[in-house]
Protein chains: 2
Amino acid sequence: MPRKDKRRQIMQAAEKLFATRRFHEITLDEVARIAQVGKGTIYLYFKDKDDLFFQTALAGYDDLCDVLEQRVPCDAPFEEQLLIACREISKFFQRRQQVYRMIQVEDARIPWCKGNIREAWKEKRQRVVAALSAIMRRGVDEGKVRMDIPAEAMANVLMGMLRMQAIYLVDHPGSERHIDFLVDLFYRGAGWVGGSSPPLEAASVEERNQPQRLRGF
Amino acid sequence: MPRKDKRRQIMQAAEKLFATRRFHEITLDEVARIAQVGKGTIYLYFKDKDDLFFQTALAGYDDLCDVLEQRVPCDAPFEEQLLIACREISKFFQRRQQVYRMIQVEDARIPWCKGNIREAWKEKRQRVVAALSAIMRRGVDEGKVRMDIPAEAMANVLMGMLRMQAIYLVDHPGSERHIDFLVDLFYRGAGWVGGSSPPLEAASVEERNQPQRLRGF
DNA sequence: ATACTAATACTGACCAGTCAGTTCTATAAA
DNA sequence: TTTATAGAACTGACTGGTCAGTATTAGTAT
């Protein structure tokens, strides 16, 4: 029995279980049972329950990054890259809702979890954002994307939208194509598309005429 | 000592604690200590630990709804309503990161938690979306918002964006005004703003020319 | 035989939830 | 105003069950 197999078995079981119930509701006995592995075996591969959990979630993030990097053709024009990337992320979350939920749940939690895990997490997260940022930057280069907001900031917003999409798909199965509308909304905005869209900075809203460049982010 | 006081004390303590560590890491002894209340008292007001947790989170949602309904002037034009609502949501999340995190964390969890709680949660959530939807619908009436995507769908997307904003503010304190850029991005989209923005449906992307109306949502 | 890995049995810390007892409050009677 | 009484609100020590983590035994390959 090669080590790789056992490790994967355990993580698969963990992913399945952690995704459907809360951390404290899952026992390692259960993980061991589902993984068809002795409980003690888990401790050969993982330091403790937390370690198992975070490693499983981190691996899920990695898989998402791999999918993105493989499927998005780096020589395609901006629009295609954007749409494909969003579709892939959306599909990935459907295929592996477990990972999505773990990310969704624990991403919010990261700020206060212990050191090295937090760093590892942020690094993984950064990979996804970086992939989307690269696409946005390409869009800027092609003159198709606005330049007054940093590409990374836009990538982050897009990520938030994709999350929402995933939540929606849970309650509305079978509406997978909505992702295209979401991308369109991101790209063209909610403003009226017929004719020239009226600018947002209406006189009624004070302080709206702010500098056109983001500080920080 | 009126019951209201104790109940609020307990919920405040719970909100503070649940927001900073994970559910299973919080003991009710700790909650009682922080609330300056006997442990048994908690059980006079809440059925069990889960009940305490969800009621606390639900109350947070309610507060957000109240803020929205109070602060957004219902006679103001669309742009103002939109911007004020988004700012208020953003500010609320800053003031009470705890609630934000509980919402963020548990929203993803809702699909599989026990019956009545799930229903209550979705109902609360619906209130926020409804408030944003009403604003979007007003925008449509004023001819400022596109009609090819249902208002509710756009409201949901916007909600996702605001979430992301909240995550960002955790890591980038002091950049509160970014919310305005986010609203702008939502309203005008990522497309190039100078001149006529090229449409997203580039020939290279197959199947892009889909019907202009969302099914479902 | 030996070395190494998997499965099982075990243990002790931990904590949600309880309950018997205490304190506070409100009302009434003196 | 003071005292008495009822009963509601509150408390925190206690308990029973659970489960993470470890020690032990069984299995396998060389």
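Heavy-atom basis, side chains included; hydrogens, waters and symmetry copies ignored. Every chain is numbered from 1, with letters handed out A, B, ... down the list of sequences.
Listed nucleotides C:dG17, D:dT11, C:dA6 differ in distance to A:Leu44; the shortest reach to its side chain belongs to C:dA6. With D:dA20, C:dA16, D:dT11 as the candidates, the nucleotide lying closest to the side chain of A:Tyr43 is D:dA20. When the nucleotides C:dA7, C:dA16, C:dA6 are ranked by their closest atom to the side chain of A:Tyr45, C:dA6 comes out on top. Distances were taken from every side-chain heavy atom of B:Lys49 (C-beta onward) to each of C:dA6, C:dA16, D:dC10; the shortest belongs to C:dA16. For A:Asp48, the listed nucleotide lying nearest its side chain is D:dG21; candidates were D:dG21, D:dC19, D:dT11.
In this structure, B:Gln9 places its CD atom 13 Å from C1' of D:dA9, rounding to the nearest Å. Atom CG of A:Asp51 and atom P of D:dG21 are 10 Å apart (whole Å). Look at CZ on B:Phe18: it is 9 Å from P on C:dA16, rounded to the nearest Å. Per the geometry, CG belonging to A:Leu28 stands 15 Å off C1' belonging to C:dT8, to the nearest Å. Regarding B:Lys39, its NZ atom lies at a distance of 14 Å from the P atom of D:dT11, rounded to whole Å. Distance CD1 (B:Ile10) to P (D:dG12): 13 Å, rounded to an integer number of Å.
In this structure, A:Ile42 reaches neither bases nor backbone, as no heavy-atom distance under 4.0 Å exists between it and the strands shown. Note on A:Leu52: nothing from the nucleic acid sits closer than 4.0 angstrom, heavy atoms only.
More than 12 non-hydrogen atoms from other residues, nucleotides or ligands lie less than 6.0 angstrom from CD of A:Glu69. Atom CD of B:Gln36 has 12 or fewer neighbouring heavy atoms from other residues, nucleotides or ligands inside a 6.0 Å radius.
For the OP1/OP2 pair of C:dA7 and a distance below 4.0 Å, the side-chain nitrogens and oxygens of A:Thr41 include at least one atom meeting the criterion.
Taking CE of B:Met161 as the start and SG of B:Cys86 as the end, the distance is 8.5 Å to the nearest 0.5 Å. The CZ atom of A:Arg8 sits 11.5 Å away from the OH atom of A:Tyr45 when rounded to the nearest 0.5 Å.
The aromatic rings of B:Phe18 and B:Phe53 stand perpendicular to each other, their planes meeting at an angle above 60°, with 30° marking the opposite boundary.
Heavy-atom distances to DNA chain C give each of A:Asp29 and A:Val37 a nearest nucleotide, and the one nearer the 5′ end belongs to A:Val37. Toward the 5' end of DNA chain C, the nearer of the two residues B:His24 and A:Gly38, judged by each one's closest nucleotide, is A:Gly38.
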